[in-house]
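Okay, so here's the structure we're looking at.
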Amino acid sequence: MKSGAGGISQFERRLLDAAYEAALEGLRSGGIPIGSALGAPDGSIVATGHNLRLQSGDTTAHAEVACIRNAGRRRDWHTLTLASTLSPCIMCTGTCLLHRIPRVIIGENKSFLGGEDLMAQRGISFVVVQDPRCIALMEKFIREKPELWNEDIGVPPGADR
């Protein structure tokens, strides 16, 4: 399910805020500014993560995957909520499906539309906030470093989108 900013709770807003802070940390450490946070029903933030592809040289080190890795071994995945500053790609959507995460808060999908159709098809509840901070962060990064953005999303240099 998609909806606007009114469709998230105070806790989900805190999760998105934590994901945004993780994205800023990723940028400060020389990476792509995408962040993620994982929260539990009791209101606690279980883990955060940011895209580490540039820092680690690992093409699978996306924010959502890093966040889930940081959460460690758990048995309560089916009760958690994931927030991401950017629409999760197909790999990260698959990671959510694998772990049976039932709800995803998406900061924005204007810069990149990920696997939202697959989430909907497989019963993951999600909301697209179109958070101005998330949009501005990605727009600035894409404008300033298009070669890194295109490399990250798999668009070869010189190819049309």
Side-chain angles (χ1 to χ4, degrees), residues 2 5 8-40 43-74 77 80-99 101 103-116 118-119 124 126-157 159 161:
K2 289 187 183 184
I8 64 173
S9 68
Q10 286 183 335
F11 171 62
E12 292 169 338
R13 172 55 63 186
R14 278 195 320 110
L15 271 182
L16 186 57
D17 290 345
Y20 181 76
E21 289 302 317
L24 292 177
E25 175 57 32
L27 184 62
R28 284 191 294 270
S29 66
I32 296 168
I34 303 168
S36 189
L38 197 58
S44 64
I45 295 178
V46 172
T48 63
H50 57 80
N51 186 298
L52 290 163
R53 186 184 64 76
L54 295 175
Q55 299 92 321
S56 67
D58 177 355
T59 61
T60 67
H62 288 200
E64 299 86 349
V65 172
C67 181
I68 288 169
R69 284 178 183 156
N70 290 340
R73 293 180 63 193
R74 308 185 64 86
W77 297 106
L80 304 179
T81 298
L82 181 89
S84 182
T85 58
L86 187 64
S87 182
C89 73
I90 195 73
M91 177 183 69
C92 295
T93 296
T95 302
C96 290
L97 288 169
L98 176 70
H99 288 82
I101 295 170
R103 183 150 170 87
V104 177
I105 308 306
I106 299 169
E108 68 108 341
N109 67 0
K110 290 182 177 201
S111 302
F112 177 78
L113 178 60
E116 295 171 26
L118 180 57
M119 280 189 247
I124 292 178
F126 67 92
V127 60
V128 180
V129 177
Q130 302 301 16
D131 183 290
R133 301 168 306 165
C134 297
I135 295 167
L137 186 62
M138 287 311 305
E139 284 179 348
K140 182 175 189 234
F141 182 80
I142 292 166
R143 186 174 54 254
E144 293 177 357
K145 300 187 178 188
E147 72 287 350
L148 293 177
W149 171 247
N150 289 334
E151 180 184 322
D152 190 55
I153 63 167
V155 178
R161 287 186 174 211

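Positions are given from 1, in the same order as the sequence printed here.
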Carboxylate-amine/guanidinium proximity below 4.0 Å for E144 and K140: yes

Stepwise side-chain contact (heavy atoms from CB on, under 4.5 Å) check, L38 with W77: CA-CA 10 Å; L38 197 58; W77 297 106; 3.5 Å; yes

Residue pair T48 / E21, side-chain heavy-atom distance below 4.5 Å: no

Closest approach of G49 to N70 (non-hydrogen atoms, all atoms of both residues): CA-ND2, 3.9 Å

Flag side-chain contact, heavy atom, 4.5 Å: V104 against C96: yes

Q10 atom CD: more than 12 heavy-atom contacts under 6.0 Å: no

Residues I32, R53; criterion side-chain contact (heavy atoms from CB on, under 4.5 Å); working and verdict: CA-CA 8 Å; I32 296 168; R53 186 184 64 76; 3.4 Å; yes

Gap separating the OG1 atom of T95 from the CD1 atom of I101, nearest 0.5 angstrom: 8.5 Å

Taking every non-hydrogen atom, the tightest pair across A22 and H50: O-CB, 3.2 Å

From CA spacing to verdict: side-chain contact (heavy atoms from CB on, under 4.5 Å), L27, L137: CA-CA 10 Å; L27 184 62; L137 186 62; 4.0 Å; yes

Which atom of R133 lies closest to which atom of R13, heavy atoms considered: NH2-NH1, 3.6 Å

Ion pair R103/E12, N-O distance below 4.0 Å: yes

Nearest-0.5 Å distance that lies between atom SG in C92 and atom CG in L98: 12.0 Å

R14 (side chain) donor-acceptor with G43 (main chain) under 3.5 angstrom: yes

Test item: H62 and I34 side chains (from C-beta on) under 4.5 Å apart, heavy atoms: no

Test item: E108 side-chain N/O and S111 main-chain N/O as donor-acceptor pair under 3.5 Å: yes

Check: S36/E64 side-chain N/O donor and acceptor closer than 3.5 Å: no

Minimum side-chain heavy-atom gap D58-L52 below 4.5 Å: no

Sidechain N-carboxylate O distance under 4.0 Å for D131, K110: no

Heavy-atom donor-acceptor pair, S44 side chain to V46 backbone, under 3.5 Å: no

Rounded distance [0.5 Å steps], CG in L15 versus CD1 in I8: 9.0 Å

I124/L97 under side-chain contact (heavy atoms from CB on, under 4.5 Å): CA gap, chis, key distance, verdict: CA-CA 8 Å; I124 292 178; L97 288 169; 3.6 Å; yes

Closest non-hydrogen atom pair between Q55 and S29, with its separation: NE2-OG, 2.8 Å

Spatial distance of atom CZ (F141) from atom CG (L148) [nearest 0.5 Å]: 5.0 Å

Closest approach of M138 to W149 (non-hydrogen atoms, all atoms of both residues): CE-CZ3, 3.3 Å

Spacing of I106 atom CD1 and Q130 atom CD [to the nearest 0.5 Å]: 9.0 Å

Whether S84 side chain and S87 backbone form a donor-acceptor pair below 3.5 Å: no

Nearest-0.5 Å distance that lies between atom SG in C67 and atom CG in N51: 12.5 Å

Where G107 and L16 come nearest, the two heavy atoms and their spacing: CA-CD1, 3.8 Å

Polar side-chain atom of T85 near backbone of G35 as donor-acceptor pair, under 3.5 Å: yes

